Amino acid sequence: MKPFLAHMNPQQQQAILANGGPILVVAGPGSGKTRVLTSRIAYLIAELGVHPYHIMAVTFTNKAAREMESRLINMLGKLPPGLTLGTFHATCARLLRRESDNLPFKSDFVIYDQEDQIELLKLAIGDLNLDPKRYKPTWAQHAISNAKNALILPDNYPVETYRDEALRRIYQRYQELLLINNALDFDDLILWTVFLLENNPEIRQRYASRFEHILVDEFQDTNVAQYLLLRYLASHHRNLFAVGDADQAIYRWRGADYRNVLRFQEDFPDAQIIPLEENYRSTQAILDVAMAVISHSPGRIPKNLFTQKGQGHKVTFFEAYNNHREVEYIADTILSLKRELGLQWGDFAVMYRTNAQSRLLEEAFLRAAIPYKLVGAQRFYGRREVKDMIAYLRLVRNPDDELSLTRVIATPPRGIGEKTFLALRTLALQKDLSPGAYLLEIGKNPNALPAEAFPERGRASLLTFSAMLHQWVSMGSSFPPLAIMDRILEDIGYRSYIDDGSEEGQDRWENVMELRRLAAEFPEPGLDAFLEQVALVSDQDTLEGGANAVTLLTLHAAKGLEFPVVFISGLNDGLLPHSRSFDDPEAMWEECRLLYVGITRAKERLFLTCSQNRSAYGYEEPIPPSRFLDYIPYHLLDEVQPRRISSRHSSKGYNLLEEVARKRESPNPPAERRYQAGMRVQHPIWGEGMVLNSVLQDGDEIVDVYFAGLGLKRLLASMAHLEIKV
DNA sequence: ATGGACAATGTTTTT
DNA sequence: CATTGTCCAT
């Protein structure tokens, strides 16, 4: 047997060996999709003799890309030279730099992250004399990002209200500012690539014929722009191999559109669909709970997940009096499980909906002396001191970057305030220069600064700064990033600026040193590679496994990971589902999928916890249990403390516990159908529908209901809270 | 130009 | 409650 087929089940083999053409691999959680993806690449290269140059594999995270890299090295002995393997954004950035002759920006553009975007938007809003309180930069950022993900430019931004028009102008001005700064934001990387391919048939043809095989990971997370990008790239050979799972689509709010899975099937009617249904991760008990939760999600393709790991331990449910008791329970349980089962700290993970929930857990863990690591809460690259240093390096690389310039000038304060800077800016614009370019000019030749234009103090500050800037820039292309960084650190006395002796100050300096270590990994002269890396790498990628500590992380951050023991905390209405999604059914189902993702991270043991009261913002308030708990049949759970009957359910005249109690008394309730074809029924979420069919099974009734606009749903009568309409 | 006092606000965040 | 941003006085 070929090495890349060893230990593969028939479905996996089918996917790996599939002939060309469009292929959609529907990969359930824990079904070995990364193995399939990498094995297929190995197969294409080693068996079919496809040159790696003709293969492109795209992922969403650097971590996923690196994971594939190392597996390929394992299988093939080395990374195939010429292979295109990377994130959407990194791949597009590379392509855009190569093709910048056909684009309105220079090949050495900088990449703005979300924080930079907000800063730039503040400028744009200011330029238009709009009230930043009415037009919040964060709002605008969201709207513009959505527009870009849907390939909408300012010119065709839909305007229905005055507000839309204002937003459209902000968007327009924002794009202008980006070009002036020779910068692209994250969304631009995809957007411009799509436009490049769309508008230049000959470039499109070049890439489309180059990439004989295109493989995509986490296909359900693609947005419209990314989907079109793939379609263009695959337009010649049509060998698009997409792996995804709509049940794990949790990034809708970021523009991801799992309906791309449907579009794919429309655009490629001959697409082969290969399901991967064997789960290698979780016990049956965990899988049962996962299936119970996700089966309520409307419009999904039913999957038949199974595992050979055996039944395993029942999923534990604990309802605490309040969230303090809840975290104590989690800490206590971790301690006793570790002792009883001989587990490592690293075997445990605690998940929650919002980062704010981690604080109480941290406190409880500190008290219990449990070592923990927090994923992603305060981003390394988002740290002020790190962003400061990156601004310096970016400025050296691209002096036109005014955003970085203003940041650099203000940190540390060097006597150049708003007034002085504005005067400088005006002078620069008169000379048709960016302020940064003008400062460089002055650095070379101090006489370029008109003596009469500034008061003595401001003038002196400007001269000092421009001289430093000039020095740094002249180092730019001939020294490695580390040398430039050290020089800057020394010139500006950065350590004494941020390290005030406090613990926080020391932390900050530590972070600067960490960045310095990263810079040291780029020994070549030129900042380009380092800055690109820094711009397109996130902290999720820096999450090192192995560290012997309990992992605390949001449900979002948990995707793609697995742990022997998982706690999902805060299963309360308002947290999960989050209150912000109450009025939007789509968002609501995304919350449900989020829970599903969390559940399916667990290998051996799963604990679901909630609390009856929650203190937040200073006050303790009652908080209802998550409505998703109703989706889990009682017999699948092991309750540590009997759950109190919540008024929410009984008020509806229907109660899960009563139902369960009734079932317990008579394991086989009267075999009688309540629903019949033709009946109209009311569902709490989907509204009114018509019963098409109903059958009895295991003492429960399985009802097929057609809902207008949603289609046919298969429901469990005991779970669905259906009301018969007369 | 800079720091201190007050008000506003409160999801998730692959790149 | 705790963090973040804005305004104002020095």
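Throughout, a chain's letter reflects where its sequence line sits, starting with A, and its residues are numbered from 1. It should be emphasised that the depicted structure is a prediction, and the values quoted were computed from it without experimental measurement.
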Would you mind reading off the distance between [X] atom [atom1] and [N] atom [atom2], rounded to a whole angstrom?
| X | N | atom1 | atom2 | result |
| --- | --- | --- | --- | --- |
| A/D187 | B/dT14 | CG | P | 14 Å |
| A/M351 | B/dT13 | CE | C1' | 17 Å |
| A/H142 | B/dT12 | NE2 | C1' | 10 Å |
| A/Q114 | B/dT14 | CD | C1' | 13 Å |
| A/H578 | B/dT11 | NE2 | C1' | 4 Å |
| A/E363 | C/dA2 | CD | C1' | 12 Å |
| A/D573 | B/dT11 | CG | P | 18 Å |
| A/L553 | B/dT13 | CG | P | 9 Å |

Is the distance between the ring centroids of [X] and [Y] under 6.0 Å?
| X | Y | value |
| --- | --- | --- |
| A/H556 | A/Y251 | yes |
| A/Y207 | A/Y232 | no |
| A/F628 | A/Y631 | yes |

TODO: With heavy atoms under 4.0 Å as the rule, sort A/R252 into base, sugar-phosphate or nothing.
DONE: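 Contact class for A/R252: none.
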- [ ] For A/D113, answer base if it contacts any base atom (sugar-phosphate contacts may also be present), sugar-phosphate if it contacts only those atoms, and nothing otherwise; contact means non-hydrogen atoms under 4.0 Å.
- [x]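 Since no nucleic acid heavy atom lies under 4.0 Å of A/D113, the category is nothing.
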Task: N/O (side chain, A/N62) to phosphate O (OP1/OP2, B/dT14) under 4.0 Å - done: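 A/N62 to B/dT14 OP1/OP2: no side-chain N or O under 4.0 Å.
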Open item on the list: Is there a side-chain contact between A/N355 and the phosphate of B/dT13, meaning an N or O under 4.0 Å from OP1 or OP2?
Closed with: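 For A/N355, the contact criterion (side-chain N or O under 4.0 Å from OP1 or OP2 of B/dT13) is met.
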Give a yes or no on whether the backbone of [Y] and the side-chain of [X] come within a donor-acceptor separation of less than 3.5 Å.
| X | Y | answer |
| --- | --- | --- |
| A/T406 | A/L403 | yes |
| A/N572 | A/L575 | no |
| A/T61 | A/A64 | yes |
| A/R252 | A/D221 | no |

TODO: Classify the side-chain pair A/Q220/A/E218 by whether it contains a donor and acceptor separated by less than 3.5 Å.
DONE: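 Checked: A/Q220/A/E218 side chains pair up, N/O donor to acceptor below 3.5 Å.
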Which of these nucleotides, [options], is closest to any side-chain atom of [X]?
| X | options | result |
| --- | --- | --- |
| A/H556 | B/dT14, B/dT13, B/dT11 | B/dT13 |
| A/Y251 | B/dT11, B/dT14, B/dT13 | B/dT14 |
| A/T554 | B/dT14, B/dG10, B/dT13 | B/dT13 |
| A/R254 | C/dA2, B/dT14, B/dG10 | B/dT14 |
| A/T354 | B/dT14, B/dT11, C/dT3 | B/dT11 |

Task: Within 45° cone of A/F567 ring axis and under 6.0 Å: A/R601 NZ or CZ - done: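 The answer is no, since A/R601 fails at least one limit relative to A/F567.
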TODO: Count the heavy atoms of every other residue, nucleotide or ligand shown that sit under 6.0 Å from CZ of A/R259, and state whether that count exceeds 12.
DONE: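 Check fails, neighbour count at 12 or below.
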- [ ] Determine the Euclidean distance between corresponding C1' atoms of B/dT12 and C/dG5; express it in Å to zero decimal places.
- [x]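 Taking atom C1' in both C/dG5 and B/dT12, they lie 22 Å apart.
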Task: Spacing of the P atoms in B/dT13 and C/dT4 (rounded, Å) - done: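 Between the two P atoms, the distance is 15 Å.
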Could you run down the sub-3.5 Å N/O contacts of the protein with nucleotides 4-8 of chain C?
none

Task: Donor-acceptor pair present, A/R580 side chain and B/dT11 base, under 3.5 Å - done: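 Answer no: no donor N or O sits under 3.5 Å from an acceptor.
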Where do N or O atoms of nucleotides 1-7 of chain B meet protein N or O atoms at under 3.5 Å, pair by pair?
residue	atom	partner	partner atom	Å
B/dA1	OP1	A/G417	N	2.6
B/dA1	OP2	A/E418	N	3.4

